[in-house]
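First comes the structure, then the notes that go with it.
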Amino acid sequence: MSKIKYLIIKEFRQIRRDRAMRGILIGMPILQLLLLGYVVSSDVRNIRTVLCDLDQTSLSRSLCDKIVHSPYFNVASIEPTTANTDKLLDSGKASVVVIFPEDFSRRIKRGEKAQIQILMDGQDVNTATIALGYLNGIFEHFAVLEILSKRIAGNAEALPKIIEPNFRIWYNEE
């Protein structure tokens with residue numbers, strides 16, 4: 001242990017004598033903190049998204065508009081059927097596909113839970129997880145607005161969670 005102690009003392013003496021070494025040891029970490037603090041961001045933006053609205057009602061279009069106007073999603077297309085959604089995911093033209101079922105608005109108007117299918121590209125699981133969080137936030141905001149409008153209209157039987165996302169991450173299992 002005494003050899004290590006003398007080695008540490010020698011190194012600190014060397015650092016005290018050498019001005020350039022002090023500048024590097026103190027200045028570089030501060031510079032890295034400043035640069036990386038402004039450059040690195042954990043936000044995922046412009047997620048390639050395809051919306052498939054099978055319901056085609058004002059309620060489903062309203063929710064589609066919320067996704068379209070979100071800064072996190074770059075909606076490539078709004079498909080009327082699910083025929084091309086698999087191809088768009090497989091080709092990489094979409095990272096997320098959101099499918100609104102045919103009975104979406106009918107279920108919400110009845111006060112039942114409406115399921116929305118979300119298909120995600122599993123090549124980048126981190127991006128898929130963050131995108132799912134963004135979509136859940138949009139769905140919760142939409143649900144709160146729907147509940148408030150029902151309460152204003154006098155229908156107090158609105159469910160606290162009216163949209164239930166059903167997601168599947170696509171990846172090559174082999």
Side-chain angles (χ1 to χ4, degrees), residues 1-52 63-79 82 84-101 113-148 159-174:
M1 264 331 238
S2 65
K3 290 182 181 180
I4 294 175
K5 177 183 168 188
Y6 289 121
L7 188 62
I8 291 172
I9 290 171
K10 178 189 109 31
E11 289 298 324
F12 275 110
R13 283 184 189 151
Q14 185 64 30
I15 291 170
R16 198 173 7 167
R17 287 185 199 145
D18 192 358
R19 284 184 145 201
M21 181 70 76
R22 277 186 290 186
I24 290 172
L25 286 175
I26 294 170
M28 287 304 285
I30 292 172
L31 184 65
Q32 287 176 343
L33 280 172
L34 290 174
L35 284 176
L36 292 177
Y38 288 109
V39 174
V40 176
S41 174
S42 62
D43 278 351
V44 177
R45 294 186 180 269
N46 297 322
I47 302 166
R48 293 179 315 275
T49 308
V50 171
L51 302 175
C52 181
L63 190 51
C64 283
D65 284 344
K66 289 193 179 305
I67 295 171
V68 168
H69 292 101
S70 169
Y72 303 111
F73 297 101
N74 181 9
V75 177
S77 67
I78 299 176
E79 299 288 322
T82 59
N84 293 332
T85 56
D86 297 349
K87 293 174 191 169
L88 292 170
L89 260 181
D90 291 339
S91 67
K93 292 180 181 173
S95 297
V96 176
V97 175
V98 181
I99 301 173
F100 296 92
K113 287 185 181 181
Q115 289 193 346
I116 295 176
Q117 185 176 18
I118 302 169
L119 304 174
M120 302 183 149
D121 187 5
Q123 290 180 2
D124 187 1
V125 178
N126 185 45
T127 301
T129 306
I130 291 171
L132 181 63
Y134 291 154
L135 284 171
N136 274 329
I138 291 171
F139 297 155
E140 286 177 11
H141 183 261
F142 181 79
V144 166
L145 290 177
E146 185 66 24
I147 289 168
L148 287 176
L159 296 173
K161 182 161 180 145
I162 59 172
I163 298 175
E164 185 174 281
N166 180 8
F167 70 95
R168 179 174 178 213
I169 297 178
W170 283 33
Y171 63 98
N172 186 355
E173 295 176 1
E174 296 175 5

Nearest-0.5 Å distance, [atom1] of residue [X] to [atom2] of residue [Y]:
| X | Y | atom1 | atom2 | answer |
| --- | --- | --- | --- | --- |
| D121 | L88 | CG | CG | 11.5 Å |
| L135 | I130 | CG | CD1 | 12.5 Å |
| F100 | I118 | CZ | CD1 | 8.5 Å |
| L89 | N84 | CG | CG | 11.5 Å |
| L132 | M120 | CG | CE | 4.5 Å |
| R22 | R16 | CZ | CZ | 9.5 Å |

In the structure I gave you, are the side-chain heavy atoms of [X] and [Y] within less than 4.5 Å of one another anywhere?
| X | Y | result |
| --- | --- | --- |
| L119 | I99 | yes |
| E79 | L51 | no |
| I15 | L25 | yes |
| I116 | V98 | yes |

Minimal non-hydrogen separation, [X] against [Y], with atom names:
| X | Y | answer |
| --- | --- | --- |
| V44 | I47 | CG1-CG1, 3.8 Å |
| I138 | K66 | CG2-CB, 4.0 Å |
| A131 | F73 | O-CZ, 3.7 Å |

Test side chain to side chain contact (heavy atoms under 4.5 Å, CB included) on T85 and T82 and set out the steps. CA-CA 5 Å; T85 56; T82 59; 4.0 Å; yes

Answer yes or no: are there more than 12 heavy-atom neighbours, outside E11 itself, under 6.0 Å from its atom CD? yes

Donor-acceptor contact present, side-chain H141 to main-chain G137, <3.5 Å: no

Walk me through whether F139 and I67 qualify under side chain to side chain contact (heavy atoms under 4.5 Å, CB included). CA-CA 9 Å; F139 297 155; I67 295 171; 4.3 Å; yes

Report the residues that fulfil side-chain hydrogen bond (donor to acceptor under 3.5 Å, both in side chains) with S95, sequence neighbours left out, ordered by chain and then residue number.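 Per chain and number, S95 pairs via side-chain hydrogen bond (donor to acceptor under 3.5 Å, both in side chains) with R48.
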
